[in-house]
Amino acid sequence: MNRKWVVIAGVAGALVLGTAGVSLSVAQEKHESKLEKLMEKVNKQNSALQKGTRNAAFYKKAQKDLAKHAKEMVKLAKAAKPFKESLEKAKVANPQKVWDDYSDAFIKSSEELEQLLSKGDAPYEKAKAAFGVVKKSCADCHKDFRVEDNF
Ligand code: HEC
């Protein structure tokens with residue numbers, strides 16, 4: 001073979017390998033979705049809030065930190081809303097609208113919790129109730145959109 005053709009064959013081979021590499025990483029991405037990663041962060045904030053509102057004594061100690069966790073939750077709730085990857089798995093009519101409604105409920109309840117906690121003197125019962133609204137927003141959305149085998 002003429003040297004020029006050997007070089008071209010080599011380049012074509014590298015291109016084929018390159019493409020295979022790309023589709024492999026797409027497959028891995030699907031396995032652990034980005035929403036799933038984000039939900040893991042949501043879950044961390046949720047656990048901290050859960051622990052800090054377990055009883056009045058825990059609450060008194062954790063109060064300052066809880067406002068920070070609520071603030072982080074607002075950010076994550078807003079970041080989750082644009083995700084579309086779960087829409088086609090949902091068993092509801094008009095999944096985009098339902099997703100947006102659940103997302104808005106998650107954002108709004110987190111914002112209300114943050115506002116309450118950032119005052120620094122919110123009574124325990126009020127904080128617990130406000131966090132309860134956030135947790136309900138998790139459950140509502142999961143019921144329709146978290147259609148996986150692992151829960
Ligand atoms: C707007 C919809 C929506 C809201 C609100 C929501 N989630 Fe999720 N969550 C999902 C979906 C969809 C999945 C499945 C993601 C996947 O596996 O690709 C999920 C998955 C999870 C997971 C599993 C992650 C993993 O590693 O498999 C946890 C934990 C979780 N959510 C916690 C929460 C908590 C806590 C809240 C509320 C504070 C919340 N979620 C609110 C839609 C939502």
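For ligands, and for the atoms within them, numbers begin at 1 and follow the listed sequence. Just so it is clear, the structure is predicted and the values come from calculations on it, not from any experiment.
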Per-atom contacts, ligand 1 versus [X] - under 4.0 Å to a heavy atom:
X	answer
M73	38 (C)
L35	11 (C), 12 (C)
V42	33 (C), 34 (C), 35 (C), 36 (C), 37 (C), 38 (C), 39 (C)
E40	25 (C), 26 (O)
S137	5 (C)
S86	12 (C)
S33	16 (C), 18 (O)

NZ/NE/NH1/NH2 to OD/OE distance under 4.0 Å, [X] and [Y]:
X	Y	value
E112	K108	yes
D65	K68	yes
K78	E111	yes

Checking Q63 side chain against G120 main chain: does a donor-acceptor pair fall under 3.5 Å?
-> yes
Please answer whether the main-chain N or O of S137 pairs with a side-chain N or O of Y102 as donor and acceptor at a distance below 3.5 Å.
-> no
Flag N43 as yes if one of its N/O/S atoms falls below 2.8 Å of atom 8 (Fe) of ligand 1, otherwise no.
-> no
Tell me whether C138 has at least one N, O or S atom under 2.8 Å from atom 8 (Fe) of ligand 1.
-> no
